[in-house]
Amino acid sequence: MNRRQALQAGLLAAPLLLPACDWFNGSAQWEEEVQLSDGRVVVVAVKVQYATIGEVGGPSTRVRRQTTVRIKAGQGLPDTAWSEDLAAVLLDFDSVANELVLVATIVVCEQWERWGRPRPAYIEFRSRGGKWRHQTPFTQALFDRQVNLLQTWAAQTRDSYVTLAQKRGLDSDIGIASNFKRIVRNYGTSC
């Protein structure tokens, strides 16, 4: 093959290779059992929309683009759904304030900037009057709490319903960062 033919072959192949390093969108959804601090076990429906960036034949990374947590109806809790581009880590019910509480964490630096550079890098939400609102300052009593929302991809269970026992097995993975296992006071970002 001469130089001209090689150049033509390269130009023809370029449009095929450029998308090989791109974002691929997808989603995962499941239902999971969640144990609240008062001992109640409720069922939530979770949907995670994500993008995978990588190279054909090379490494890739999944990045959450949107997480939705919906409390299933008929469990004595408000029928509501929380949805943000953060990673939900804790769901609870504050019986004193009579409010649902959800704690989420930062996934990428752009979120950290947009949410005002929180330290530690958690965002608290409370459901008031059927609407989720950002709670500031962060409630100190939430620190050191074990997270109760699944942090690994539910596809690993091969089920669309994840029990508490299954979650303990999945989230015990040694590769999960401590800020996804417990609400920690010293959690910063690399941003």
May I ask you to decide if [Y]'s main-chain N or O and [X]'s side chain share a donor-acceptor pair within less than 3.5 Å?
{"X": "S27", "Y": "V48", "value": "no"}
{"X": "E113", "Y": "E110", "value": "no"}
{"X": "R182", "Y": "D144", "value": "yes"}
{"X": "W132", "Y": "S83", "value": "no"}
{"X": "T105", "Y": "A121", "value": "yes"}

If only side-chain N and O atoms count, and only distance matters, is there a donor-acceptor pair under 3.5 Å linking [Y] with [X]?
{"X": "Y161", "Y": "E33", "result": "yes"}
{"X": "E84", "Y": "W82", "result": "no"}
{"X": "S160", "Y": "Q29", "result": "no"}

If I compare all heavy atoms of [X] with all of [Y], which pair ends up nearest, and what's the gap?
{"X": "A88", "Y": "L102", "value": "CB-CD2, 4.1 Å"}
{"X": "A104", "Y": "L86", "value": "CB-CB, 3.7 Å"}
{"X": "L142", "Y": "I183", "value": "O-CB, 3.4 Å"}
{"X": "Q111", "Y": "I106", "value": "OE1-C, 3.6 Å"}
{"X": "T139", "Y": "R126", "value": "OG1-NH2, 3.5 Å"}
{"X": "K167", "Y": "V162", "value": "CG-CG1, 3.5 Å"}

Between [X] and [Y], is any pair of side-chain heavy atoms under 4.5 Å apart?
{"X": "D85", "Y": "T67", "value": "no"}
{"X": "Q35", "Y": "N148", "value": "no"}
{"X": "R145", "Y": "D92", "value": "yes"}
{"X": "V89", "Y": "L149", "value": "no"}
{"X": "R133", "Y": "Q135", "value": "no"}
{"X": "F138", "Y": "V103", "value": "yes"}
{"X": "V46", "Y": "E32", "value": "yes"}
{"X": "R128", "Y": "E99", "value": "yes"}

Practice prompt. Fit a plane to each ring of W115 and H134, take the angle between them on a 0 to 90° scale, and name the class: parallel (under 30°), tilted (30 to 60°) or perpendicular (over 60°).
Written response: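 Judged by the thresholds at 30° and 60°, the geometry between W115 and H134 is perpendicular.
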Discussion item. Is the ring pair F143/Y122 parallel, tilted or perpendicular, if the boundaries are 30 and 60 degrees?
Written reply: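 Because their plane-to-plane angle is over 60°, the rings of F143 and Y122 count as perpendicular.
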Rounded to the nearest 0.5 Å, what's the gap from [atom1] on [X] to [atom2] on [Y]? Could you check?
{"X": "L100", "Y": "D94", "atom1": "CG", "atom2": "CG", "result": "9.5 Å"}
{"X": "T136", "Y": "I123", "atom1": "OG1", "atom2": "CD1", "result": "10.0 Å"}
{"X": "S127", "Y": "L77", "atom1": "OG", "atom2": "CG", "result": "10.0 Å"}

Item to complete: Could you tell me whether D79 and K72 have a side-chain N and a carboxylate O separated by less than 4.0 Å?
Response: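 Salt bridge: no.
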Worksheet entry | Greater than 12 external heavy atoms within 6.0 Å of R117's CZ |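 No, CZ of R117 has 12 or fewer neighbouring heavy atoms, counting only those of other groups under 6.0 Å.
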Item to complete: Identify whether NZ of Lys or CZ of Arg in R40 sits under 6.0 Å from the centre of the six-membered ring of F93 and within 45° of that ring's axis.
Response: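 Yes, R40 sits over the ring of F93.
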Discussion item. Could you go through K131 and F125, starting from their C-alpha distance and side-chain angles, then the distance that decides it, and tell me whether this counts as side-chain contact (heavy atoms from CB on, under 4.5 Å)?
Written reply: CA-CA 10 Å; K131 295 189 186 255; F125 296 89; over 6 Å; no
Item to complete: Go through the steps to decide whether R185 and Q140 satisfy the test side-chain contact (heavy atoms from CB on, under 4.5 Å), and finish with yes or no.
Response: CA-CA 9 Å; R185 293 176 188 274; Q140 296 294 305; 3.3 Å; yes
